[in-house]
Amino acid sequence: MIFLQTILIYFPGADISNTQMLCKNSLDLCLKNVSILLERTGQVGIPKSKTDVDIVCKGFKMGMKCFDDFSNLCLSLDEKNMVNDNVIGAKYTFKFLCDDEKFQRGEYN
């Protein structure tokens, strides 16, 4: 989000059309970086080790940051709520998988 806000602030001619252009391209560009991360690591499918989990979690968190930034800049409140309703389960699952140290200790040690 900071990246998008910086672009809007530092370009004095920023108007609705510039915001629309950012909305059109920023999500694709951001998610492309997530794809590059996962491709470089070779991680495909279900994680089988703590290292795999860390890679998948980093990718998921980067991807969710992309969506959150995009949503904050480009979506109405109703659209944000609809997106959130569709990803809330994945967020909870990944929060458990990525951030629950007790689970990770038991599963991967």
Side-chain angles (χ1 to χ4, degrees):
M1 184 65 171
I2 292 172
F3 168 74
L4 298 176
Q5 289 173 337
T6 302
I7 289 174
L8 289 174
I9 291 169
Y10 285 104
F11 289 98
D15 59 13
I16 298 300
S17 62
N18 285 340
T19 301
Q20 290 171 341
M21 201 56 143
L22 282 172
C23 290
K24 181 179 178 187
N25 298 318
S26 64
L27 185 59
D28 288 339
L29 180 62
C30 189
L31 290 176
K32 184 175 182 173
N33 291 329
V34 175
S35 294
I36 290 169
L37 167 77
L38 295 176
E39 287 170 9
R40 285 186 181 161
T41 63
Q43 174 56 42
V44 179
I46 298 172
K48 295 175 180 63
S49 69
K50 173 74 167 100
T51 301
D52 291 349
V53 168
D54 290 343
I55 292 166
V56 170
C57 289
K58 183 175 181 177
F60 181 79
K61 288 177 182 182
M62 286 173 62
M64 288 314 307
K65 176 90 170 85
C66 293
F67 276 110
D68 290 343
D69 290 350
F70 172 80
S71 295
N72 288 332
L73 182 66
C74 304
L75 300 181
S76 69
L77 182 58
D78 287 341
E79 291 168 326
K80 285 184 212 179
N81 289 336
M82 185 174 63
V83 169
N84 192 49
D85 288 347
N86 285 295
V87 298
I88 196 74
K91 283 184 175 183
Y92 283 128
T93 300
F94 274 88
K95 182 167 179 52
F96 176 72
L97 181 68
C98 301
D99 300 331
D100 188 308
E101 292 177 14
K102 185 177 178 183
F103 167 76
Q104 288 185 355
R105 277 194 308 269
E107 187 67 24
Y108 295 107
N109 285 330

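Below, all heavy atoms of this structure are taken into account, side chains as well, without hydrogens, waters or symmetry copies. Index from 1, following the sequence.
The pair Lys91-Asp68 meets the salt-bridge criterion, with a side-chain N (NZ, NE, NH1 or NH2) lying under 4.0 Å from an Asp/Glu carboxylate O. Comment: Lys65 engages Asp69 in a salt bridge, judged by a side-chain N to carboxylate O separation of less than 4.0 angstrom. The pair Lys50-Asp54 counts as a salt bridge, with a side-chain nitrogen and a carboxylate oxygen less than 4.0 angstrom apart.
Taking both residues in full, the closest heavy atoms of Ser71 and Lys80 are given as O-CE, 3.2 Å, listed atom of the first, atom of the second, then distance. Cys23 and Phe70 get closest at one heavy-atom pair: O-CE1, 3.2 Å. Between Val53 and Leu97, the shortest heavy-atom contact is CG1-O, 3.8 Å.
Summarising the geometry, atom SG belonging to Cys30 is positioned 12.5 Å from atom CG belonging to Asn25; distances are rounded to the nearest 0.5 Å. The CG atom of Leu73 sits 11.0 Å away from atom CG of Leu27, with the distance rounded to the nearest 0.5 Å. Atom-to-atom distance recorded for Ser76:OG and Met82:CE is 8.0 Å, nearest 0.5 angstrom. Distance check, rounded to the nearest 0.5 Å: CZ of Arg40 to OG of Ser35 gives 11.5 Å. Residue Asn81 holds its CG atom at 10.5 Å from CG of Leu75, rounded to the nearest 0.5 Å.
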Can Val87 and Met64 be said to form a side-chain contact (heavy atoms from CB on, under 4.5 Å), step by step?
CA-CA 9 Å; Val87 298; Met64 288 314 307; 3.9 Å; yes
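Here Phe67 pairs with nothing under the ring-ring contact (aromatic ring centres under 6.0 Å, His included) rule; sequence neighbours left out.
Hydrophobic clustering of Ile, Leu, Val, Met, Phe, Trp and Tyr side chains at less than 4.5 Å, counting indirect connections, keeps Val56 apart from Ile36.
Within the 4.5 Å cutoff, the side chain of Lys61 has heavy atoms near those of the Asp99 side chain.
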